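Computation of the quantities below employed the complete heavy-atom set of this structure, encompassing side-chain atoms and omitting hydrogens, waters and symmetry-equivalent molecules. Quick caveat, the model's predicted, so the values are computed rather than measured.
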Amino acid sequence: MDSTAKLLVRELLRCPRCKSGIAAVQAGAPARAFVCQDPDCEMSQAGFPALDGIPVLVDFDNSVLSREEVQLTGGSSYTERSTGLLQKVHGFFWQSASPTAANADRFIAEAKGLDPHPSILVIGGGTIGSDAETLYRDPDLTLIGTDIYKSDRTLIIADGHQLPLASGAIHGVWIQAVLEHVLTPEQVVAEIHRVLVPNGVVYAETPFMQQVHEGPYDFTRFTPSGHRWLFRHFDEIDGGITRGPAIVMLWSIRYFVGSLFGSYKVGTMAATGLFWLRHFERLSRPSYAADGASACYFLGRRSERAMKPKDIIAYYKGAQR
């Protein structure tokens, strides 16, 4: 964590339950390194642990996370994550052209329109998202990475349902491939709205037609229209799909063959042999591809008004023109 991020995090930390200030316990044990400053809040007594100095600001009574398990495992990831050569090989064969890198540039430009040195909250920031490297190369951004596990990029271990940050303090929120892994996406988006400054920007990528991944931590999917409705308290700057039906087909082959052989590794090998199908994505008609997309994205600006139910019908029809 650089010094700028350290100072900012100290200023912004709040109790995830009551949103009061957080205080470090002098000479406190790691199991109770931080406490809520509101004496009427239960977390003023129960406190919050720290792992190697990283605050674990989670209301464990209202989270899938367990205090005991987090401390026992040292905050390790709940699922195995591909890194290095394996990740590069998978990316080469499976990844089709994506608008993420260009969208990241637009997101950064919008955030810098609010402040030359904007604060960016990365929810699910334990690892760098696909094609999101630009965020980490820009020296003008102050990144605050949160996740439910510890990593070199995690500044706060937190549950997105209850962000332990002050209201109206963040210029931009980046949430990529996360909303499918939370129990109540509407609550997470409401928290994003809360922590953003007026006109603050959000960028989200979320699966539509993908099979289950990360096992017991996978809950939800969204059509492009459903994704837009999820962010109905935001004005849309842009929206669309990240990858289309060809990738959906490869996912389906992987899981179909995997179910026959009882092995996702065999399924992955079978699908990888058909990787060339992804090159046909560029021939797809956008309106048809959207109805069978692998995932969708939303770039928007915090608003004080919300879409009306009838608006979402017009939104779909407008996307079909």
Side-chain angles (χ1 to χ4, degrees), residues 96 98-100 102-104 106-107 109-111 113-114 121 123-124 129 160-163 167-168 170-213 218-248 251-252 281 284-321:
S96 60
S98 164
T100 303
N103 289 344
R106 295 184 65 185
F107 169 79
E110 291 286 342
L114 299 169
L121 172 63
I123 301 177
H161 295 89
Q162 296 170 296
L163 292 173
S167 299
I170 300 294
H171 298 101
V173 175
W174 183 275
I175 180 165
Q176 183 181 13
V178 172
L179 288 168
E180 72 271 30
H181 300 301
V182 303
L183 284 173
T184 313
E186 292 84 358
Q187 185 176 337
V188 175
V189 174
E191 280 289 271
I192 291 171
H193 192 276
R194 179 184 65 81
V195 301
L196 281 172
V197 300
N199 296 317
V201 291
V202 61
Y203 180 78
E205 287 185 0
T206 311
F208 170 24
M209 297 187 70
Q210 290 182 13
Q211 282 75 11
V212 169
H213 52 275
D218 193 337
F219 309 109
T220 309
R221 298 291 183 271
F222 289 94
T223 66
S225 289
H227 200 234
R228 177 66 186 96
W229 183 250
L230 179 65
F231 287 92
R232 58 190 174 274
H233 291 277
F234 293 79
D235 293 330
E236 183 180 78
I237 299 170
D238 193 16
I241 68 172
T242 58
R243 293 185 174 89
I247 294 299
V248 173
W251 272 76
S252 297
E281 292 243 287
S284 299
R285 298 182 181 182
S287 60
Y288 287 88
D291 283 348
S294 175
C296 48
Y297 72 86
F298 176 79
L299 174 63
R301 186 179 294 108
R302 185 186 188 276
S303 176
E304 297 305 322
R305 65 180 190 278
M307 293 181 75
K308 296 179 179 179
K310 293 183 180 63
D311 294 338
I312 199 62
I313 305 303
Y315 178 82
Y316 177 87
K317 290 179 178 179
Q320 293 296 304
R321 65 181 182 275

Which residues satisfy the side chain to side chain donor-acceptor pair (under 3.5 Å) test with R301, sequence neighbours excluded? E110

Heavy atoms only: give me the nearest C296-F222 pair and the separation to one decimal. SG-O, 4.0 Å

Rounded to the nearest 0.5 Å, the OG1 atom of T223 sits from the CG atom of D291 at a distance of 8.5 Å

Among pairs that include at least one residue of residues 200-213, which meet salt bridge (charged side-chain N to carboxylate O under 4.0 Å, His left out), considering only residues two or more places apart or in two chains? none

Going by heavy atoms in the side chains, are V189 and V202 under 4.5 Å from each other? no

May I ask you to check whether F234 and H193 place their ring centers less than 6.0 Å from one another? yes

Short question: side chain of D311, backbone of K308 - any donor-acceptor pair under 3.5 Å? yes

Using modelled atom types and a 3.5 Å cut-off, is there a donor and acceptor pairing between side-chain atoms of S284 and backbone atoms of P286? no

Check step by step if side-chain contact (heavy atoms from CB on, under 4.5 Å) holds for N103 and Y297. CA-CA 9 Å; N103 289 344; Y297 72 86; 3.4 Å; yes

Non-neighbouring partners of R305 that pass salt bridge (charged side-chain N to carboxylate O under 4.0 Å, His left out), sequence neighbours left out: D235

Distance-minimising heavy-atom pair for A293 and F208: O-CD2, 3.3 Å

Per side chain to side chain contact (heavy atoms under 4.5 Å, CB included), T206 is matched among I175, L230, L179, V178 by L179

Value rounded to 0.5 Å, distance of NE2 in H227 from CZ in F298: 8.5 Å

Which distance, rounded to the nearest 0.5 Å, do you find between the CD of Q176 and the OG1 of T242? 8.5 Å

Report the distance from atom NE2 of H161 to atom CD of E186, rounding to the nearest 0.5 Å. 9.0 Å

Pair Y203, D238: side-chain N/O donor-acceptor within cut-off below 3.5 Å: no

Do L299 and E236 come close enough that some side-chain heavy atom pair is under 4.5 Å? no

Taking all heavy atoms of L163 and all of L121, pick out the closest pair and write down the distance. CD1-CD2, 4.0 Å

From H233 atom NE2 to I192 atom CD1, the distance as rounded to the nearest 0.5 Å: 13.0 Å

What I want to check is whether the side chains of E180 and H213 have a donor and an acceptor closer together than 3.5 Å. yes

Side chains of T100 and S98 only: does a donor on one sit below 3.5 Å from an acceptor on the other? yes

Any sub-3.5 Å donor-acceptor pair from R221's side-chain atoms to Q211's backbone N or O? yes

Backbone of Q187 reached by a side-chain donor or acceptor of T184 within 3.5 Å: no

Side chains of R228 and I312: does their closest heavy-atom pair fall under 4.5 Å? yes

So, for M209 and G292, which heavy atoms are closest and what is the spacing to 0.1 Å? SD-CA, 3.7 Å

Determine, stepwise, if the pair E281 / R243 fulfils side-chain contact (heavy atoms from CB on, under 4.5 Å). CA-CA 8 Å; E281 292 243 287; R243 293 185 174 89; 4.1 Å; yes

Within this structure, what is the CD1-CD1 distance for the pair I170 and I123, rounded to the nearest 0.5 Å? 9.5 Å

Looking at V201 and L196, what are the two nearest heavy atoms and their distance? O-CD2, 3.6 Å

Would you please test Q210 and V248 for side-chain contact (heavy atoms from CB on, under 4.5 Å) and show each step? CA-CA 7 Å; Q210 290 182 13; V248 173; over 6 Å; no

Using the rule given for side-chain contact (heavy atoms from CB on, under 4.5 Å), can you reason through Y315 versus S225, listing the C-alpha separation, both sets of side-chain angles and the distance that settles it, and then say yes or no? CA-CA 7 Å; Y315 178 82; S225 289; 4.1 Å; yes

